[in-house]
Number of protein chains: 2
Amino acid sequence: MPFNLKYFLPYRLRILYVTITHTFSPIYIKQFDLTPSEWRILASLAQFGQVTAKTLGTHSRMHKTKVSRAVCQLNKRGLITKIPNENDLRETFLEISDKGSIIYEKLALQAEEFDNQMMSCLNKQEQQQFTEIIDKLQQHAETNFTE
Amino acid sequence: MPFNLKYFLPYRLRILYVTITHTFSPIYIKQFDLTPSEWRILASLAQFGQVTAKTLGTHSRMHKTKVSRAVCQLNKRGLITKIPNENDLRETFLEISDKGSIIYEKLALQAEEFDNQMMSCLNKQEQQQFTEIIDKLQQHAETNFTE
DNA sequence: TATAATTAGTTACATTTAAAACTATTGCTA
DNA sequence: TAGCAATAGTTTTAAATGTAACTAATTATA
């Protein structure tokens with residue numbers, strides 16, 4: 001079987017990702033003037049509690065300068081709090097603030113609704129299969145191809 | 001069930017896409033000094049024959065300025081050919097050149113190998129399921145959420 | 001058929017991005 | 001423990017990106 005772009009994994013994933021994100025991103029952009037990076041960080045902090053910028057970046061595959069700038073912006077708006085690590089002054093723990101939580105809660109509700117709506121084209125079994133497959137691919141990609 | 005970022009469709013897709021593309025893109029960047037957009041266009045033209053920049057953009061979800069610049073660059077390097085449409089002088093048909101085809105063939109081989117290696121963590125049945133699910137999601141996203 | 005509206009594609013401009021260089025701090029090792 | 005390597009995070013710089021404005025051509029309409 002010769003190479004077929006249409007079924008090339010990176011190509012397929014990108015097309016789907018671009019399509020989907022273009023329909024969701026206006027939600028946080030328009031309502032709360034958040035960039036995609038800012039939304040990702042806010043949501044991550046809401047879920048994972050105190051973490052460093054480094055951890056945040058690794059976890060959500062964001063470049064450290066991207067994280068740095070988004071964190072700076074969120075901090076400036078008072079949506080997150082910086083807590084210096086006394087044991088290692090190089091790093092800082094980041095935490096979502098009350099003000100940030102209010103925004104997050106509103107967005108999480110809409111994100112959940114969006115996700116349900118998106119996944120509604122799949123039956124329960126397919127949804128299960130999808131999760132398993134994505135996880136397998138993710139793990140495979142990481143273990144075999146990351147430096 | 002409360003909102004869980006880890007299972008949020010756009011988030012999951014982005015992480016997987018970023019991980020995977022970061023392992024494949026060095027292949028065309030280092031060997032042939034192609035940008036991701038240029039590689040996508042080259043591969044699209046190799047597969048679909050003569051198409052306009054407009055079609056190319058719609059098909060692969062690329063912004064028209066991105067297409068414009070990538071096409072310009074590929075043309076400058078002689079990897080594609082521009083053929084004016086006599087019936088509508090606004091648009092131009094684009095075609096891969098012999099020189100471009102040589103590069104494409106070499107990359108297609110490696111892309112195929114990469115894809116097989118990536119998909120090898122899934123059994124035949126899962127691969128089939130994956131294709132069906134991605135297609136369903138793509139179609140659902142397009143029909144319900146595109147302007 | 002003249003004029004307005006639309007479309008394909010390019011260019012100018014402002015923003016966003018990543019690579020590289022940098023600061024500050026900690027860990028390693030000789 | 002002195003000095004060198006490594007790390008977290010920021011800033012500088014250059015490249016890539018999208019928005020908006022533009023050109024040139026076509027289509028719609030009055």
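All values below come from the heavy atoms of this structure, side chains included, with hydrogens, waters and symmetry mates left out. Residue numbers begin at 1 in each chain, while the letters A, B, ... track the order of the sequences.
Note on K54(A): every side-chain N or O is 4.0 Å or more away from OP1 and OP2 of dT10(D). The shortest distance between the side-chain N/O atoms of T52(B) and the OP1/OP2 oxygens of dA8(C) is not below 4.0 Å. At dG9(D), none of the side-chain N or O atoms of K66(A) fall inside 4.0 Å of OP1 or OP2 (strictly under the cut-off). Residue H63(A) places no side-chain N or O under 4.0 Å from the OP1 or OP2 atom of dT17(C). Neither OP1 nor OP2 of dG9(C) sits under 4.0 Å from any side-chain N or O of K64(B). Put simply, S68(B) has a side-chain N or O that comes within less than 4.0 Å of OP1 or OP2 on dT10(C).
With no hydrogens or angles considered, no side-chain donor-acceptor pair links E142(B) and T19(A) at under 3.5 Å. No side-chain donor from either of Q117(A) and E113(A) sits under 3.5 Å from a side-chain acceptor of the other.
The distance between atom CG of L89(B) and atom P of dT23(D), rounded to the nearest whole Å, is 18 Å. Rounded to an integer number of Å, the gap from CZ of R14(A) to P of dT17(D) is 10 Å. Here dT7(C) presents its P atom at 17 Å from CG of N85(B), a figure rounded to the nearest Å. The distance from atom CZ of R61(A) to atom P of dA18(C) is 15 Å, rounded to the nearest whole Å. To the nearest angstrom, C1' of dT10(C) lies 14 Å from CG of L94(B). As a whole-Å value, the separation of L34(B) CG from dA16(D) C1' is 16 Å. If you measure from atom NE2 of H22(A) to atom P of dG18(D), you get 7 Å, rounded to the nearest angstrom. Between L74(B) atom CG and dT10(C) atom P there is a gap of 12 Å when expressed in whole angstrom units.
Within 4.0 Å of T92(B), counting heavy atoms only, lie sugar-phosphate atoms of the nucleic acid but no base atom.
Within the 4.5 Å cutoff, side-chain heavy atoms of L56(A) are placed close to those of L45(A).
At a cut-off of 3.5 angstrom, counting only N and O atoms as typed in the model, there is no donor on one side facing an acceptor on the other between the side-chain of R90(A) and the base of dG27(C).
For R69(A), the side-chain atoms get nearest to dT12(D) when compared with the rest of dA8(C), dT12(D), dG18(D).
Using cut-offs of 30° and 60° on the angle between ring planes, the pair Y104(A) and W39(A) is parallel. Ring pair F24(B)/F114(B) is tilted by interplanar angle, where 30° to 60° counts as tilted.
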